[in-house]
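Scroll down for the structure; my scribbles are underneath it.
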Amino acid sequence: MSGSGHPYNSSYEVSTGTTIIAVEFDGGIVIGSDSRVSAGDAVVNRVFNKVSPIHDRIFCALSGSAADAQTVAEMASYHMDIHSIEMQTQPLVMAAANLVKGISYKYKEEISAHLIVAGWDRKNGGQVYGTLGGMITRQPFAIGGSGSTYIYGYVDSVYKPGMSKEECERFAVHGEKTIYVILFTFNINQ
């Protein structure tokens, strides 16, 4: 039966899960995600922004349980606002990544979330951090989510150090076939 959803039919839609991506370049970062939220095999929301602000120039890409990931991002945003007020300056991306790492580790038994933290600060420029399970690693690019396994070959073959802003945008968009790719470009003169 054509269109019945059986895996052997050509009209069967393959769910690849969440895919999040962030890449740094000289002067900023590109961060993006797919836009679908699923519960098992069912897509429950086709238009969901999985990129969440932590501070003015710091963002996180969300994967895992949508509610858990949003909660971690909101907690981090609250604490970064307080930190920024206390320090009377824009926070460092590393500080935000460490905060997300700490929250993730503290609640590791209760939540199912993986966040990539990316942003720009005056000290280190554009930065990307993976924060899986209470661990933190700075990388030139990071991918995550259950759908990331589908693009490992792509990112390994296409990524090259020193890519321009435009190359990073194409890298993120083509890697994900995404609806949301959010570009943030900052430089020292801002």
Closest approach of [X] to [Y] (non-hydrogen atoms, all atoms of both residues):
| X | Y | result |
| --- | --- | --- |
| Gly130 | Gln139 | N-OE1, 4.3 Å |
| Gly119 | Ile29 | O-CG2, 3.5 Å |
| Ile31 | Cys60 | CD1-C, 3.8 Å |

Side chain to side chain contact (heavy atoms under 4.5 Å, CB included), that's the test. Do Gln70 and Ser52 meet it? Break it down for me. CA-CA 8 Å; Gln70 281 183 305; Ser52 182; over 6 Å; no
Side chain to side chain contact (heavy atoms under 4.5 Å, CB included) between Val117 and Ile58, intermediate numbers included: CA-CA 7 Å; Val117 177; Ile58 305 170; 3.9 Å; yes
How long is the gap from [atom1] on [X] to [atom2] on [Y], to the nearest 0.5 Å?
| X | Y | atom1 | atom2 | answer |
| --- | --- | --- | --- | --- |
| Met80 | Gln90 | CE | CD | 9.5 Å |
| Ile21 | Ser63 | CD1 | OG | 13.0 Å |
| Glu86 | His79 | CD | NE2 | 11.0 Å |
| Ile20 | Ser146 | CD1 | OG | 10.0 Å |
| Glu166 | Phe25 | CD | CZ | 8.0 Å |
| Phe171 | Ile151 | CZ | CD1 | 7.0 Å |

For the backbone of [Y] and the side chain of [X], can you confirm whether one donor and one acceptor N or O come within less than 3.5 Å of each other?
| X | Y | value |
| --- | --- | --- |
| Ser157 | Gly153 | yes |
| Tyr159 | Pro140 | no |
| Ser148 | Gly145 | yes |
| Glu167 | Ser164 | yes |

Val23 side chain near Val128 side chain, heavy-atom distance below 4.5 Å: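 Not touching, per the 4.5 Å side-chain cut-off.
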Could you tell me if the side chain of Thr137 sits less than 4.5 Å from the side chain of Tyr129, heavy atoms only?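 The answer is no, as the side chains (C-beta and beyond) never meet within the 4.5 Å cut-off.
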Looking at residues at least two apart in the chain, or sitting in another chain, which of them share a ring-ring contact (aromatic ring centres under 6.0 Å, His included) with Tyr78?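 ring-ring contact (aromatic ring centres under 6.0 Å, His included) check on Tyr78 returns nothing, list empty.
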Flag yes if more than 12 heavy atoms outside Met87 fall under 6.0 Å of its CE atom; otherwise flag no.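 Open.
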Quiz: residues 91-115 side-chain donor-acceptor pairs under 3.5 angstrom, not counting sequence neighbours:
unit_1 : atom_1 : unit_2 : atom_2 : d
Asn98  : ND2    : Met94  : O      : 3.2
Ser104 : OG     : Val100 : O      : 2.9
Tyr105 : OH     : Lys108 : NZ     : 3.0

Do Gln127 and Asp121 pair up side chain to side chain, a donor and an acceptor below 3.5 Å, judged on atom types alone?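 The criterion, which ignores hydrogens and geometry beyond distance, is satisfied for Asp121 and Gln127.
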Return yes if a side-chain donor-acceptor contact under 3.5 Å exists between Thr18 and Lys50, otherwise no.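 Thr18 vs Lys50: donor-acceptor pair found between side chains.
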Can you tell me which residue pairs pass the salt bridge (Lys or Arg N to Asp or Glu O under 4.0 Å) test with a partner in residues 138-147, sequence neighbours excluded?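 Every pair satisfying salt bridge (Lys or Arg N to Asp or Glu O under 4.0 Å) with a residue in residues 138-147: Glu24-Arg138.
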Go through the steps for Phe141 and Val155 under the test side chain to side chain contact (heavy atoms under 4.5 Å, CB included), then give the verdict. CA-CA 9 Å; Phe141 74 90; Val155 297; 3.9 Å; yes
Set out, in order, the CA-CA distance, both residues' side-chain angles and the distance that settles side chain to side chain contact (heavy atoms under 4.5 Å, CB included) for Leu62 and Val51, then state yes or no. CA-CA 6 Å; Leu62 314 173; Val51 176; over 6 Å; no
